Protein chains: 2
Amino acid sequence: MPIKADLDAIDWKILRELQDDGRMTNVELSRRVGISAPPCLRRVKRLEDEGIIQRYRALLNAPALGMDVVAFCLVGLNRQSEVDLKAFADRTRNWPIVRSAWMVSGESDFMLHCLAPDLGTFQGFVIEELTSSPNVDTVRTALTIRQVKDDGLVAI
Amino acid sequence: MPIKADLDAIDWKILRELQDDGRMTNVELSRRVGISAPPCLRRVKRLEDEGIIQRYRALLNAPALGMDVVAFCLVGLNRQSEVDLKAFADRTRNWPIVRSAWMVSGESDFMLHCLAPDLGTFQGFVIEELTSSPNVDTVRTALTIRQVKDDGLVAI
DNA sequence: CGTCATTGCGCAAGATTCTTGCGCAAACGC
DNA sequence: GCGTTTGCGCAAGAATCTTGCGCAATGACG
């Protein structure tokens, strides 16, 4: 996994293009990166096989689907033993409102990216699920007003 | 944009599948959702045209590409007028280390999702760029240890 | 209850794309 | 200088995409 891949300029172009449009046909991709289709497809497959490209995902319009509240929760635990951390990490996976979660170091122990249909649902989640969860000490929330930047993960 | 779409069960299946694998062929998708390929493709195009599906993106393995530091920054400003907020939002777009950013309400004004090759680069960014940026009051950072959940945006 | 418009499916066929094997040229090591 | 390796492009068969069309189910309306 932590194999620092050696990629040439064409590989980077491919990664850039597929971050911008992951459903582009291989023919179009090959045109954009300046090689013919077969070697382009082989490069993409290599990038997938080596785990450089982890997956492809459709990004949805949450408000149009009735999800109006995007928020972040910073959660601090009372105890941070490996068992405690793992227990909370497992719990996040069973909360559908939590869409992504990271274990972090700093003032808090976990960062949760949350999505809820409305404010009441989100507040209910924070109060009845999150705050009242065992070993949870502090919960700080930040409701998003709007997203101001959304680039792919990796640039260059 | 805020048109609450009316989607049937097949549409939701399509959205689930394309969040899980955005590069799936239409034939495979149609098999999974239980209809033939042409109406399936028409549904996908409709979802794209209506903006329900915003885009497709390849998700990359950041560590394998030499990006070992993922962090969040909570930024508080001194003044929060619309002009000030917009000025900072514009600035985030010119920082390659900042991959995503949200304007938030709560104790801070912006949440930044950051990616850097190493800790030194990230610290340099925080000290020399972020903290020393005009109108920036407070910066709290949370270095991620590992991601413990990563689902698509919308469930159901 | 009958009729008509609407909606959305599946079939079919041509266009496009995918996928594989193969030959060839450039780069490299010995 | 020679052999190996690497990676490109060509070509052809397989798979997929894309479009038009016919048909059945649904619902509105007289």
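Keep in mind the model is a prediction, meaning the values are calculated, not measured. The sequence lines fix the lettering, A, B, ..., with proteins before strands; numbering per chain opens at 1.
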Please state how far atom CE in A/Met24 lies from atom P in C/dT17, giving the value in whole angstrom units.
13 Å
Distance (rounded to the nearest 0.5 Å) between A/Leu112 CG and B/Lys149 NZ:
9.0 Å
Check the pair A/Tyr56, B/Gln19 against side-chain hydrogen bond (donor to acceptor under 3.5 Å, both in side chains), reporting the backbone distance first and the verdict last.
CA-CA 8 Å; A/Tyr56 301 91; B/Gln19 279 190 111; over 6 Å; no
Looking across every strand, which nucleic acid part, if any, lies under 4.0 Å from B/Ser36 by heavy atom: base, sugar-phosphate, or nothing?
base
Distance below 4.0 Å between A/Arg43 side-chain N/O and D/dC8 OP1 or OP2
yes
Separation of C/dT17 P from A/Asn26 CG (nearest whole Å)
10 Å
By nearest nucleotide on DNA chain C, pick out whichever of B/Arg23 and B/Ile10 is the more 5' one.
B/Ile10
Could you state the atom-to-atom distance from CZ of B/Arg42 to P of C/dC9 in whole Å?
7 Å
Out of C/dT17, D/dG9, C/dT19, whichever nucleotide has its closest atom nearest the side chain of A/Val27
C/dT17
From NZ of B/Lys45 over to P of C/dG8, roughly how many Å is that when rounded to an integer?
17 Å
Are B/Asp21 and A/Arg55 ion-paired here, with the side-chain N under 4.0 Å from a carboxylate O?
no
Taking the side chain of A/Pro39 as heavy atoms from C-beta outward, which of D/dC17, D/dC8, D/dT19 is closest to it?
D/dC8
Kindly compute the distance separating SG (B/Cys40) from CD1 (B/Ile14), expressed to the nearest 0.5 Å.
4.5 Å
Measure CD1/B/Ile35 against P/C/dT7 and give the value in whole Å, please.
17 Å
Interatomic distance where CG belongs to B/Leu41 and C1' belongs to C/dT17 [whole Å]:
14 Å
Quick one: B/Arg46 CZ to D/dT18 P, roughly how many Å, whole number?
18 Å
Nearest-Å distance for atom pair CD/P, residues A/Glu28 and D/dC17
16 Å
